[in-house]
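Below is one structure, written out as C-alpha coordinates; the observations come after it.
Within every chain, numbering begins at 1; the chains are lettered A, B, ... in the order of the sequence lines, protein sequences first and strands thereafter. It should be emphasised that the depicted structure is a prediction, and the values quoted were computed from it without experimental measurement.
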Number of protein chains: 2
Amino acid sequence: MVNKTENTEEKIIAAARRVFIRKGMDGARMQEIANEAGINKALLHYYFRSKDKLFDRVFAESFMPALQTIKLVFDEAKDVDSFIEGFVRNYIALLSENPYIPHFILHEINRNPLRVVGQIKSSHFDRERIAKMVATEVNGKRIRAFDPVHMMVNLVALCVFPFVAQPIIQGFLFDGSEADYQQFIDERSRHIVLFVKSAIYLNHPQ
Amino acid sequence: MVNKTENTEEKIIAAARRVFIRKGMDGARMQEIANEAGINKALLHYYFRSKDKLFDRVFAESFMPALQTIKLVFDEAKDVDSFIEGFVRNYIALLSENPYIPHFILHEINRNPLRVVGQIKSSHFDRERIAKMVATEVNGKRIRAFDPVHMMVNLVALCVFPFVAQPIIQGFLFDGSEADYQQFIDERSRHIVLFVKSAIYLNHPQ
DNA sequence: GTCTATAACCGGATAGAC
DNA sequence: GTCTATCCGGTTATAGAC
(Lines give C-alpha, C1' and ligand atoms only; values in the text may rest on other atoms or scores of the structure.)
Protein backbone atom coordinates (compact mmCIF):
# COMPACT_ATOMS: atom_id res chain seq x y z
CA MET A 1 0.00 0.00 0.00
CA VAL A 2 1.73 3.05 -1.31
CA ASN A 3 -0.50 5.35 0.65
CA LYS A 4 0.36 3.74 3.95
CA THR A 5 4.06 4.00 3.15
CA GLU A 6 3.90 7.68 2.55
CA ASN A 7 1.97 8.23 5.72
CA THR A 8 4.47 6.33 7.82
CA GLU A 9 7.43 7.96 6.14
CA GLU A 10 5.95 11.38 6.75
CA LYS A 11 5.11 10.52 10.34
CA ILE A 12 8.72 9.45 10.88
CA ILE A 13 10.14 12.59 9.32
CA ALA A 14 7.86 14.80 11.36
CA ALA A 15 8.74 13.00 14.58
CA ALA A 16 12.45 12.93 13.77
CA ARG A 17 12.33 16.60 12.99
CA ARG A 18 10.87 17.44 16.38
CA VAL A 19 13.32 15.24 18.26
CA PHE A 20 16.43 16.33 16.33
CA ILE A 21 15.47 19.97 16.79
CA ARG A 22 14.93 19.45 20.53
CA LYS A 23 18.02 17.35 21.19
CA GLY A 24 20.39 17.79 18.27
CA MET A 25 21.90 14.91 16.33
CA ASP A 26 23.99 13.61 19.24
CA GLY A 27 21.35 14.00 21.92
CA ALA A 28 18.52 12.47 19.90
CA ARG A 29 17.59 8.80 20.43
CA MET A 30 16.09 6.53 17.81
CA GLN A 31 13.81 5.15 20.50
CA GLU A 32 12.45 8.62 21.23
CA ILE A 33 11.82 9.25 17.55
CA ALA A 34 10.04 5.90 17.25
CA ASN A 35 7.85 6.66 20.27
CA GLU A 36 6.99 10.09 18.96
CA ALA A 37 6.07 8.60 15.58
CA GLY A 38 4.00 5.87 17.25
CA ILE A 39 6.06 3.06 15.73
CA ASN A 40 9.04 0.97 16.79
CA LYS A 41 12.78 1.35 16.25
CA ALA A 42 13.10 -1.41 13.67
CA LEU A 43 10.76 0.43 11.35
CA LEU A 44 12.92 3.51 11.45
CA HIS A 45 15.78 1.46 10.08
CA TYR A 46 13.53 -0.09 7.50
CA TYR A 47 12.71 3.36 6.10
CA PHE A 48 16.05 5.10 6.61
CA ARG A 49 18.92 2.63 6.99
CA SER A 50 20.67 4.63 9.71
CA LYS A 51 20.36 7.51 12.13
CA ASP A 52 22.79 9.51 10.01
CA LYS A 53 20.70 9.15 6.87
CA LEU A 54 17.55 10.06 8.76
CA PHE A 55 19.25 13.15 10.13
CA ASP A 56 20.52 14.18 6.71
CA ARG A 57 17.03 13.96 5.30
CA VAL A 58 15.49 15.96 8.15
CA PHE A 59 18.19 18.59 7.97
CA ALA A 60 17.84 19.10 4.25
CA GLU A 61 14.06 19.40 4.56
CA SER A 62 14.44 22.03 7.27
CA PHE A 63 17.23 24.00 5.71
CA MET A 64 16.31 24.15 2.03
CA PRO A 65 12.96 25.94 2.38
CA ALA A 66 14.59 28.55 4.61
CA LEU A 67 17.33 29.04 2.04
CA GLN A 68 14.85 29.37 -0.81
CA THR A 69 12.78 31.97 1.01
CA ILE A 70 15.84 34.12 1.44
CA LYS A 71 17.08 33.54 -2.08
CA LEU A 72 13.81 34.84 -3.46
CA VAL A 73 14.33 38.14 -1.68
CA PHE A 74 17.88 38.36 -3.00
CA ASP A 75 16.76 37.73 -6.53
CA GLU A 76 13.82 40.09 -6.57
CA ALA A 77 14.94 43.13 -4.61
CA LYS A 78 15.05 46.27 -6.74
CA ASP A 79 16.79 48.68 -4.37
CA VAL A 80 18.28 48.75 -0.87
CA ASP A 81 15.03 49.92 0.64
CA SER A 82 12.91 47.09 -0.74
CA PHE A 83 15.67 44.59 -0.04
CA ILE A 84 15.76 45.43 3.66
CA GLU A 85 12.01 45.44 3.94
CA GLY A 86 11.57 42.19 2.02
CA PHE A 87 14.40 40.42 3.76
CA VAL A 88 13.31 41.27 7.27
CA ARG A 89 9.59 40.66 6.82
CA ASN A 90 10.01 37.35 5.03
CA TYR A 91 12.72 36.10 7.36
CA ILE A 92 10.90 37.00 10.57
CA ALA A 93 7.69 35.47 9.24
CA LEU A 94 9.53 32.27 8.35
CA LEU A 95 11.20 32.07 11.77
CA SER A 96 7.98 32.83 13.61
CA GLU A 97 6.52 29.71 12.05
CA ASN A 98 9.65 27.66 12.74
CA PRO A 99 11.17 29.21 15.85
CA TYR A 100 13.53 26.32 16.65
CA ILE A 101 15.07 26.06 13.20
CA PRO A 102 17.73 28.75 13.75
CA HIS A 103 19.29 26.97 16.70
CA PHE A 104 19.05 23.64 14.90
CA ILE A 105 20.84 25.03 11.87
CA LEU A 106 23.41 27.03 13.82
CA HIS A 107 24.27 23.92 15.80
CA GLU A 108 24.70 21.88 12.66
CA ILE A 109 26.78 24.63 11.10
CA ASN A 110 29.24 24.33 13.93
CA ARG A 111 29.14 20.52 13.99
CA ASN A 112 29.53 20.08 10.26
CA PRO A 113 30.48 23.37 8.61
CA LEU A 114 31.50 22.03 5.22
CA ARG A 115 28.20 20.34 4.47
CA VAL A 116 26.16 23.43 5.31
CA VAL A 117 28.42 25.84 3.45
CA GLY A 118 28.26 23.51 0.47
CA GLN A 119 24.47 23.59 0.49
CA ILE A 120 24.46 27.37 0.64
CA LYS A 121 26.95 27.65 -2.20
CA SER A 122 24.99 25.25 -4.36
CA SER A 123 21.93 27.47 -4.19
CA HIS A 124 23.70 30.24 -6.14
CA PHE A 125 22.97 33.40 -4.24
CA ASP A 126 23.73 36.50 -6.22
CA ARG A 127 25.64 38.49 -3.63
CA GLU A 128 27.02 40.87 -6.23
CA ARG A 129 23.62 42.29 -7.09
CA ILE A 130 23.14 43.46 -3.51
CA ALA A 131 26.66 44.87 -3.31
CA LYS A 132 26.07 46.86 -6.50
CA MET A 133 22.74 48.18 -5.26
CA VAL A 134 24.47 49.40 -2.12
CA ALA A 135 27.35 50.95 -4.07
CA THR A 136 24.94 52.86 -6.32
CA GLU A 137 23.07 54.37 -3.41
CA VAL A 138 26.28 55.20 -1.55
CA ASN A 139 27.52 57.07 -4.63
CA GLY A 140 24.21 58.89 -4.86
CA LYS A 141 24.72 60.03 -1.23
CA ARG A 142 21.45 58.46 -0.17
CA ILE A 143 23.02 56.06 2.34
CA ARG A 144 26.14 56.00 4.48
CA ALA A 145 29.21 54.21 3.13
CA PHE A 146 28.73 50.85 4.86
CA ASP A 147 30.42 47.64 3.89
CA PRO A 148 27.67 45.44 2.42
CA VAL A 149 29.05 42.37 4.20
CA HIS A 150 28.61 44.01 7.59
CA MET A 151 25.13 45.08 6.56
CA MET A 152 24.16 41.54 5.55
CA VAL A 153 25.51 40.12 8.80
CA ASN A 154 23.66 42.82 10.74
CA LEU A 155 20.38 42.01 9.05
CA VAL A 156 20.64 38.29 9.66
CA ALA A 157 21.87 38.80 13.22
CA LEU A 158 19.00 41.12 14.13
CA CYS A 159 16.45 38.66 12.72
CA VAL A 160 17.90 35.37 13.94
CA PHE A 161 19.18 36.20 17.39
CA PRO A 162 15.81 36.81 19.11
CA PHE A 163 14.89 33.23 18.23
CA VAL A 164 18.08 31.44 19.27
CA ALA A 165 18.12 33.43 22.49
CA GLN A 166 14.42 32.96 23.20
CA PRO A 167 14.95 31.27 26.56
CA ILE A 168 17.06 34.16 27.88
CA ILE A 169 14.92 36.92 26.44
CA GLN A 170 11.72 35.39 27.74
CA GLY A 171 13.20 34.02 30.95
CA PHE A 172 15.32 36.98 31.94
CA LEU A 173 14.20 40.14 30.16
CA PHE A 174 10.50 39.27 30.41
CA ASP A 175 10.57 37.32 33.69
CA GLY A 176 9.20 34.21 32.01
CA SER A 177 6.16 35.82 30.40
CA GLU A 178 5.35 34.07 27.14
CA ALA A 179 2.90 36.80 26.16
CA ASP A 180 5.53 39.52 26.56
CA TYR A 181 7.99 37.54 24.48
CA GLN A 182 5.38 36.99 21.79
CA GLN A 183 4.61 40.69 21.65
CA PHE A 184 8.32 41.39 21.36
CA ILE A 185 8.54 39.07 18.36
CA ASP A 186 5.46 40.65 16.81
CA GLU A 187 7.09 44.08 17.03
CA ARG A 188 10.38 42.76 15.84
CA SER A 189 10.25 43.12 12.06
CA ARG A 190 8.87 46.65 12.26
CA HIS A 191 11.60 47.52 14.74
CA ILE A 192 14.43 46.04 12.69
CA VAL A 193 13.37 47.77 9.49
CA LEU A 194 13.21 51.11 11.26
CA PHE A 195 16.47 50.50 13.11
CA VAL A 196 18.44 49.52 10.03
CA LYS A 197 17.03 52.28 7.86
CA SER A 198 17.78 54.86 10.53
CA ALA A 199 21.31 53.54 10.66
CA ILE A 200 22.06 53.66 6.96
CA TYR A 201 19.98 56.44 5.41
CA LEU A 202 21.40 59.93 5.44
CA ASN A 203 18.54 62.35 6.18
CA HIS A 204 16.18 59.65 7.38
CA PRO A 205 12.69 60.97 8.14
CA GLN A 206 11.56 60.83 11.78
CA MET B 1 50.65 16.55 47.24
CA VAL B 2 48.22 19.38 47.00
CA ASN B 3 50.10 20.97 44.17
CA LYS B 4 49.92 17.91 41.99
CA THR B 5 46.18 17.66 42.65
CA GLU B 6 45.54 21.19 41.52
CA ASN B 7 47.60 20.72 38.43
CA THR B 8 45.74 17.59 37.41
CA GLU B 9 42.40 19.11 38.21
CA GLU B 10 43.24 22.14 36.12
CA LYS B 11 44.53 20.02 33.28
CA ILE B 12 41.25 18.09 33.30
CA ILE B 13 39.12 21.21 33.33
CA ALA B 14 41.10 22.74 30.49
CA ALA B 15 40.88 19.57 28.41
CA ALA B 16 37.18 19.09 29.19
CA ARG B 17 36.52 22.67 28.26
CA ARG B 18 38.08 22.22 24.83
CA VAL B 19 36.25 18.96 24.16
CA PHE B 20 32.85 20.11 25.43
CA ILE B 21 33.13 23.28 23.38
CA ARG B 22 34.06 21.31 20.26
CA LYS B 23 31.51 18.52 20.64
CA GLY B 24 28.86 19.72 23.09
CA MET B 25 27.77 17.77 26.16
CA ASP B 26 26.20 14.93 24.16
CA GLY B 27 28.92 14.60 21.54
CA ALA B 28 31.84 14.72 23.98
CA ARG B 29 33.50 11.48 25.12
CA MET B 30 35.19 10.95 28.48
CA GLN B 31 37.94 9.06 26.64
CA GLU B 32 38.65 12.06 24.44
CA ILE B 33 38.84 14.34 27.44
CA ALA B 34 41.20 11.92 29.19
CA ASN B 35 43.45 11.72 26.13
CA GLU B 36 43.51 15.48 25.76
CA ALA B 37 44.41 15.85 29.45
CA GLY B 38 47.11 13.19 29.16
CA ILE B 39 45.53 10.94 31.80
CA ASN B 40 43.10 8.03 31.81
CA LYS B 41 39.35 7.81 32.13
CA ALA B 42 39.33 6.45 35.67
CA LEU B 43 41.05 9.57 36.93
CA LEU B 44 38.33 11.76 35.48
CA HIS B 45 35.81 9.96 37.65
CA TYR B 46 38.11 10.19 40.64
CA TYR B 47 38.12 13.99 40.34
CA PHE B 48 34.55 14.59 39.13
CA ARG B 49 32.25 11.67 39.93
CA SER B 50 30.38 11.87 36.61
CA LYS B 51 30.34 13.40 33.15
CA ASP B 52 27.40 15.56 34.19
CA LYS B 53 29.26 17.03 37.15
CA LEU B 54 32.33 17.68 35.02
CA PHE B 55 30.20 19.45 32.45
CA ASP B 56 28.49 21.58 35.09
CA ARG B 57 31.83 22.72 36.39
CA VAL B 58 33.19 23.53 32.94
CA PHE B 59 30.06 25.39 31.97
CA ALA B 60 30.04 27.53 35.09
CA GLU B 61 33.70 28.40 34.61
CA SER B 62 33.06 29.45 31.00
CA PHE B 63 29.87 31.34 31.59
CA MET B 64 30.55 33.27 34.78
CA PRO B 65 33.54 35.31 33.55
CA ALA B 66 31.58 36.31 30.45
CA LEU B 67 28.65 37.35 32.62
CA GLN B 68 30.89 39.37 34.94
CA THR B 69 32.52 41.24 32.08
CA ILE B 70 29.13 42.35 30.86
CA LYS B 71 27.84 43.16 34.32
CA LEU B 72 30.74 45.55 34.87
CA VAL B 73 29.70 47.55 31.80
CA PHE B 74 26.10 47.64 33.04
CA ASP B 75 27.14 48.87 36.45
CA GLU B 76 29.60 51.50 35.32
CA ALA B 77 28.00 53.11 32.24
CA LYS B 78 27.20 56.78 32.77
CA ASP B 79 25.15 57.50 29.67
CA VAL B 80 23.83 55.74 26.58
CA ASP B 81 26.86 56.71 24.56
CA SER B 82 29.42 55.26 26.95
CA PHE B 83 27.23 52.22 27.55
CA ILE B 84 27.13 51.33 23.86
CA GLU B 85 30.82 51.93 23.44
CA GLY B 86 31.78 50.01 26.58
CA PHE B 87 29.43 47.15 25.90
CA VAL B 88 30.50 46.56 22.33
CA ARG B 89 34.24 46.96 22.85
CA ASN B 90 34.36 44.73 25.93
CA TYR B 91 32.07 42.09 24.52
CA ILE B 92 33.82 41.82 21.16
CA ALA B 93 37.21 41.70 22.89
CA LEU B 94 35.96 38.92 25.17
CA LEU B 95 34.55 36.94 22.27
CA SER B 96 37.64 37.41 20.14
CA GLU B 97 39.61 35.64 22.85
CA ASN B 98 36.95 32.92 23.27
CA PRO B 99 35.31 32.62 19.87
CA TYR B 100 33.62 29.28 20.54
CA ILE B 101 32.00 30.28 23.82
CA PRO B 102 28.90 31.86 22.24
CA HIS B 103 27.85 28.71 20.45
CA PHE B 104 28.65 26.63 23.53
CA ILE B 105 26.47 28.84 25.72
CA LEU B 106 23.66 29.22 23.19
CA HIS B 107 23.50 25.46 22.81
CA GLU B 108 23.34 24.96 26.56
CA ILE B 109 20.69 27.67 26.83
CA ASN B 110 18.46 25.68 24.53
CA ARG B 111 19.34 22.35 26.14
CA ASN B 112 18.83 23.51 29.70
CA PRO B 113 17.17 26.94 29.76
CA LEU B 114 16.26 27.06 33.43
CA ARG B 115 19.77 26.56 34.70
CA VAL B 116 21.24 29.30 32.52
CA VAL B 117 18.47 31.78 33.22
CA GLY B 118 18.93 31.06 36.92
CA GLN B 119 22.62 31.87 36.72
CA ILE B 120 21.92 35.13 34.91
CA LYS B 121 19.29 36.14 37.44
CA SER B 122 21.57 35.37 40.35
CA SER B 123 24.15 37.83 39.08
CA HIS B 124 21.80 40.78 39.69
CA PHE B 125 22.01 42.85 36.57
CA ASP B 126 20.58 46.30 37.02
CA ARG B 127 18.44 46.54 33.89
CA GLU B 128 16.53 49.51 35.24
CA ARG B 129 19.58 51.78 35.23
CA ILE B 130 19.96 51.34 31.48
CA ALA B 131 16.24 51.79 30.84
CA LYS B 132 16.30 55.07 32.80
CA MET B 133 19.36 56.33 30.96
CA VAL B 134 17.58 55.68 27.68
CA ALA B 135 14.38 57.35 28.88
CA THR B 136 16.28 60.46 29.96
CA GLU B 137 17.94 60.89 26.60
CA VAL B 138 14.73 60.17 24.71
CA ASN B 139 13.03 62.92 26.71
CA GLY B 140 15.91 65.27 25.98
CA LYS B 141 15.36 64.57 22.24
CA ARG B 142 18.91 63.34 21.82
CA ILE B 143 17.95 59.83 20.70
CA ARG B 144 14.99 58.24 18.94
CA ALA B 145 12.26 56.68 21.08
CA PHE B 146 13.44 53.07 20.98
CA ASP B 147 12.34 50.35 23.34
CA PRO B 148 15.40 49.60 25.49
CA VAL B 149 14.71 45.86 25.31
CA HIS B 150 14.98 45.89 21.53
CA MET B 151 18.14 47.93 21.83
CA MET B 152 19.72 45.47 24.25
CA VAL B 153 18.82 42.53 22.02
CA ASN B 154 20.20 44.40 19.01
CA LEU B 155 23.50 45.06 20.73
CA VAL B 156 23.98 41.48 21.83
CA ALA B 157 22.84 40.13 18.47
CA LEU B 158 25.26 42.31 16.50
CA CYS B 159 28.16 41.27 18.73
CA VAL B 160 27.44 37.57 19.16
CA PHE B 161 26.17 36.53 15.74
CA PRO B 162 29.43 36.95 13.81
CA PHE B 163 31.00 34.39 16.13
CA VAL B 164 28.27 31.75 16.12
CA ALA B 165 27.98 32.07 12.36
CA GLN B 166 31.73 32.06 11.76
CA PRO B 167 31.70 29.00 9.50
CA ILE B 168 29.13 30.55 7.15
CA ILE B 169 30.61 34.01 7.13
CA GLN B 170 34.11 32.72 6.49
CA GLY B 171 33.07 29.82 4.27
CA PHE B 172 30.47 31.57 2.18
CA LEU B 173 30.87 35.35 2.34
CA PHE B 174 34.68 35.18 2.32
CA ASP B 175 35.12 32.02 0.26
CA GLY B 176 36.99 30.30 3.06
CA SER B 177 39.59 33.00 3.65
CA GLU B 178 40.58 33.05 7.32
CA ALA B 179 42.41 36.35 6.88
CA ASP B 180 39.33 38.06 5.46
CA TYR B 181 37.20 36.75 8.30
CA GLN B 182 39.75 37.95 10.85
CA GLN B 183 39.79 41.40 9.31
CA PHE B 184 35.99 41.43 9.41
CA ILE B 185 36.10 40.68 13.15
CA ASP B 186 38.75 43.34 13.70
CA GLU B 187 36.50 45.93 12.06
CA ARG B 188 33.45 44.66 13.86
CA SER B 189 33.35 46.66 17.09
CA ARG B 190 34.04 49.94 15.30
CA HIS B 191 31.31 49.09 12.81
CA ILE B 192 28.72 48.14 15.43
CA VAL B 193 29.29 51.27 17.50
CA LEU B 194 28.90 53.46 14.41
CA PHE B 195 25.90 51.49 13.17
CA VAL B 196 24.02 51.60 16.46
CA LYS B 197 24.77 55.23 17.12
CA SER B 198 23.66 56.19 13.62
CA ALA B 199 20.44 54.31 14.26
CA ILE B 200 19.53 55.89 17.56
CA TYR B 201 20.98 59.39 17.63
CA LEU B 202 18.94 62.18 16.13
CA ASN B 203 21.34 64.53 14.31
CA HIS B 204 24.20 62.08 14.31
CA PRO B 205 27.42 63.53 12.83
CA GLN B 206 28.70 61.95 9.61
C1' DG C 1 46.67 9.95 43.06
C1' DT C 2 47.15 7.17 39.21
C1' DC C 3 46.84 3.09 36.74
C1' DT C 4 44.66 -1.45 34.30
C1' DA C 5 40.91 -4.23 33.88
C1' DT C 6 36.22 -4.89 33.85
C1' DA C 7 31.48 -4.28 35.05
C1' DA C 8 27.12 -2.34 33.79
C1' DC C 9 24.54 -0.08 30.67
C1' DC C 10 22.83 2.02 26.63
C1' DG C 11 21.68 2.66 21.91
C1' DG C 12 22.05 1.72 16.97
C1' DA C 13 21.37 -1.85 14.02
C1' DT C 14 19.79 -6.59 12.41
C1' DA C 15 17.21 -11.25 12.19
C1' DG C 16 13.28 -13.30 11.47
C1' DA C 17 8.25 -14.10 12.38
C1' DC C 18 3.89 -12.41 10.89
C1' DG D 1 5.23 -3.06 6.15
C1' DT D 2 5.34 -3.84 10.88
C1' DC D 3 6.45 -6.21 14.87
C1' DT D 4 9.40 -8.67 18.91
C1' DA D 5 13.62 -10.21 20.27
C1' DT D 6 18.43 -9.87 20.14
C1' DC D 7 23.09 -8.71 18.91
C1' DC D 8 27.06 -6.03 19.32
C1' DG D 9 29.86 -2.08 19.75
C1' DG D 10 30.79 1.75 22.34
C1' DT D 11 30.59 4.60 26.71
C1' DT D 12 30.10 5.67 31.42
C1' DA D 13 31.37 4.22 35.66
C1' DT D 14 33.61 1.21 39.25
C1' DA D 15 36.95 -2.27 41.48
C1' DG D 16 41.13 -3.00 42.96
C1' DA D 17 46.32 -3.09 42.48
C1' DC D 18 50.21 -0.03 42.98
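For B:E178, the CD atom sits in a loose shell: 12 or fewer heavy atoms of surrounding residues, nucleotides or ligands are nearer than 6.0 Å.
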Legend entry - Contact letters for nucleotides 3-16 of chain C, in which S counts primed atoms plus P, OP1 and OP2 and B counts the base, heavy atoms under 4.0 Å: BB------SBBBB-
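Between B:H107 and A:H103 there is a side-chain heavy-atom pair separated by less than 4.5 Å. No side-chain heavy atom of A:K23 sits less than 4.5 Å from a side-chain heavy atom of B:D26. Side-chain contact between B:S96 and B:F163 is present, with at least one heavy-atom pair separated by less than 4.5 Å.
The CZ atom of B:F55 sits 14 Å away from the P atom of D:dT12 (whole-angstrom rounding). Distance B:E10 CD to C:dG1 C1': 16 Å, rounded to the nearest Å. Between the NZ atom of A:K11 and the P atom of D:dG1 there is a distance of 13 Å, rounded to whole Å.
End-to-end axis angle of the helix from C:dG1-D:dC18 to C:dC18-D:dG1, from C1' rotation axes over five pairs per end: 10° (rounded to 10 degrees).
For residues 60-82 of chain A, every residue pair satisfying the ring-ring contact (aromatic ring centres under 6.0 Å, His included) rule, not counting sequence neighbours, is listed here: A:F59-A:F63, A:F74-A:F83, A:F74-A:F125.
Annotation: cation-pi pair B:R111/B:F55 present, NZ/CZ under 6.0 Å from the ring centroid and within 45° of its normal.
At C:dT2, one or more side-chain N or O atoms of B:T8 fall inside 4.0 Å of OP1 or OP2 (strictly under the cut-off).
Using a cutoff of 4.0 Å between basic side-chain nitrogens and carboxylate oxygens, A:E187 and A:R190 are not scored as salt-bridged.
Side-chain atoms of A:H191 and B:N154 include a donor-acceptor pair closer than 3.5 Å.
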